[in-house]
Every structure is written in C-alpha cells, then in structure tokens.
Amino acid sequence: MSQEPLPIHGSYAVSMPDVFAAVRDYVADRAFPPIDPDRIFRGWRHKDALPGRSGDDADFAVLTILSDTRRGTNVSGFTTDAATRDDGTLTRSKLVVCEVLAEFYGDADLSRRRACAVETAFRDEIATRFLAGRDVTPLYADAAREVTPAEHRRDIPPRYAVTLRLSYWMSLSARADWFDNANVHFLVEVDTHYPMED
C-alpha cells in the first residue's frame, strides 16, 4: 500500500500511511485462532456499537491508536525532472513512533492466545515482512496482559491486550520553482570591495 498524497490548504499535500488499516490487516492475519477482519473495530472514534457480551457476539477485537510521537527533526528534500523542466517538489518529512493498543475480547483462553500470537509475531521479521509494503515498520510489542476490570467480570467478556509500537514517515510536499543555471553579468571580489572593519 503506497502513500497517497492528500491535498490540504490548497498548495500543500500530506502523505502518511493508514496505520489503522495496516494493523487491522496484520492482526487479522496473525491472530491465532484467526479473527474475522469485520470483527476488528476502531477504538474511541468508532461509530458502531460493539458486539454483545456473550456467545459468538463476544468474539471481537478493538484497535486504538494511543499516540503519534515525533522522533528527531524534519528531513528536507527537493526533487525535479530536468528533462521536462517542470516545477520541483519540496518535501518536509518527520519520523513518527506510533502506539496501538490491540484488545481481544471473548473466551479467556481464546483472547489470551490471540494476544500472545500477535505480540510474538510483531517482535519478529514476520511482522516486518508483512508490513513492508504498507510504509509501516514494527518496532516492539509489550507482553500480552489481561485487562478485564475485576468489578466488571460478570458484565463484559474477558479481555487481553497488547501494545504495539511502530514507526512511519509523515511528509508535507509542495510544488516549487527551481533553476539549474544563471546568467551573471557582474562579479566583484567581496573582500576587495567590502573589506572587513577592525
């Protein structure tokens, strides 16, 4: 999945991967036993009610993007096609470290096994290869843990969670004029004509 530029503020474009879609596809592929991608929901900003609390309805996962943190300063770039003489493209990019919380609901043993499988594969080249074409790089995964609130064990299905850390590049780009030659009509020796004062 390549990064698609989206126009913003008229003259700029922003490019960044779809982190939620990449992690959703990874979880659907690596959770064991497998989980239906349609049973993986976005945390916080989802528009649909979560499934029920018992039986097959309780078998689902929720992915929540917890943070997007800058690493380092901007990286600048400029590209152009000298053959066509078109405007160049000026880019400003930043490296982002993102945390995604993956929560697995349902039968306690099933949820635990899914969380452990996702965490184990995310620390391996398995995840690196899977996410390589999605412009997302896996960095680390916390150990799977049970997070079912003790006071609500009768009201909500068992829940196991794992926090996934990954990185991606976010870029702003804009068209810019450029030149590769100049006509100079007057040159002066700066040191001679503009001597430094003591």
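Remember, predicted model here, so these are calculated numbers, not experimental data.
In terms of the salt bridge (Lys or Arg N to Asp or Glu O under 4.0 Å) criterion, Asp38 has no residue partners (sequence neighbours excluded). Considering only residues two or more places apart in sequence or on other chains, Ala28 meets the side chain to side chain contact (heavy atoms under 4.5 Å, CB included) condition with Pro37, Ile40. When the salt bridge (Lys or Arg N to Asp or Glu O under 4.0 Å) test is applied to Glu189, no partner is found at least two apart in sequence or on another chain. Considering only residues two or more places apart in sequence or on other chains, Thr91 meets the side chain to side chain contact (heavy atoms under 4.5 Å, CB included) condition with Thr89, Ser173. Listed by chain and residue number, nothing satisfies the ring pair (Phe, Tyr, Trp, His ring centres under 6.0 Å) test with Tyr160 (two or more places apart in sequence, or in another chain). Listed by chain and number, the residues in a side-chain hydrogen bond (donor to acceptor under 3.5 Å, both in side chains) with Asn74 are Arg70 (sequence neighbours excluded). By the side chain to side chain contact (heavy atoms under 4.5 Å, CB included) test, Cys98 pairs with Val19, Ile65, Asp68, Val100, Leu166, Tyr168, sequence neighbours left out. Checked against salt bridge (Lys or Arg N to Asp or Glu O under 4.0 Å), Asp142 has the following partners two or more places apart in sequence or in another chain: Arg165. In this structure, Arg92 has no salt bridge (Lys or Arg N to Asp or Glu O under 4.0 Å) partners at least two apart in sequence or on a different chain. Taking the side chain to side chain contact (heavy atoms under 4.5 Å, CB included) definition, one finds that Thr69 meets it with Ser67, Arg71, sequence neighbours left out.
Applying the salt bridge (charged side-chain N to carboxylate O under 4.0 Å, His left out) definition to pairs two or more places apart or across chains, those involving residues 118-128 are Glu119-Arg123, Glu125-Arg129.
Atom OG1 of Thr128 and atom CG of Leu139 lie 9.0 Å apart (nearest 0.5 Å). Here the straight-line distance linking atom CE of Met170 with atom CG of Leu95 works out to 12.5 Å at 0.5 Å rounding. Atom CG of Leu172 is separated from atom OG of Ser93 by 8.0 Å, given to the nearest 0.5 angstrom. Arg145 contributes atom CZ, which lies 15.5 Å from atom CZ of Arg112 (distance to the nearest 0.5 angstrom).
Of all the heavy atoms in Ala21 and Asp18, the pair that sits closest is N-OD1, 3.1 Å. Of all non-hydrogen atoms in Ser111 and Gly106, the two that sit nearest each other are OG-N, 3.3 Å. Nearest heavy-atom pair, Val136 versus Ala22, reported as atom, atom and distance to 0.1 Å: CG2-CB, 4.2 Å.
The same ILVMFWY cluster, assembled from side-chain heavy atoms under 4.5 Å apart, contains both Val14 and Phe20. Transitive grouping of hydrophobic side chains (ILVMFWY, heavy atoms separated by less than 4.5 Å) brings Leu131 and Val23 into a common cluster. Placement of Leu63 and Ile35 within a single hydrophobic cluster is found when ILVMFWY residues are connected by side-chain heavy-atom separations under 4.5 Å, directly or transitively.
Looking at Val96 and Met16, their side chains never come closer than 4.5 Å, going by heavy atoms from C-beta outward. Residues Thr120 and Ile126 fail the side-chain proximity criterion, which asks for heavy atoms closer than 4.5 Å. You'll find the side chain of Phe122 stays beyond 4.5 Å of the side chain of Val162, heavy atoms only. Put simply, the side chain of Leu110 does not reach to within 4.5 Å of the side chain of Phe104, judged on heavy atoms.
A side-chain donor-acceptor contact under 3.5 Å links Arg114 to the backbone of Pro33. The backbone N or O of Asp59 sits less than 3.5 Å from a side-chain atom of Arg39, completing a donor-acceptor pair.
The aromatic rings of Tyr105 and Phe60 lie parallel to each other, their planes meeting at an angle below 30°, with 60° marking the opposite boundary.
Under the 4.0 Å criterion applied to side-chain N and carboxylate O atoms, Asp107 and Arg113 are not assigned as salt-bridge partners.
By the 6.0 Å contact criterion, OH on Tyr140 is enclosed, its count of non-hydrogen atoms from other residues, nucleotides or ligands being greater than 12.
Taking Ile, Leu, Val, Met, Phe, Trp and Tyr as members and joining any whose side-chain heavy atoms lie under 4.5 Å apart, directly or through other members, the hydrophobic cluster of Leu187 also contains Val184.
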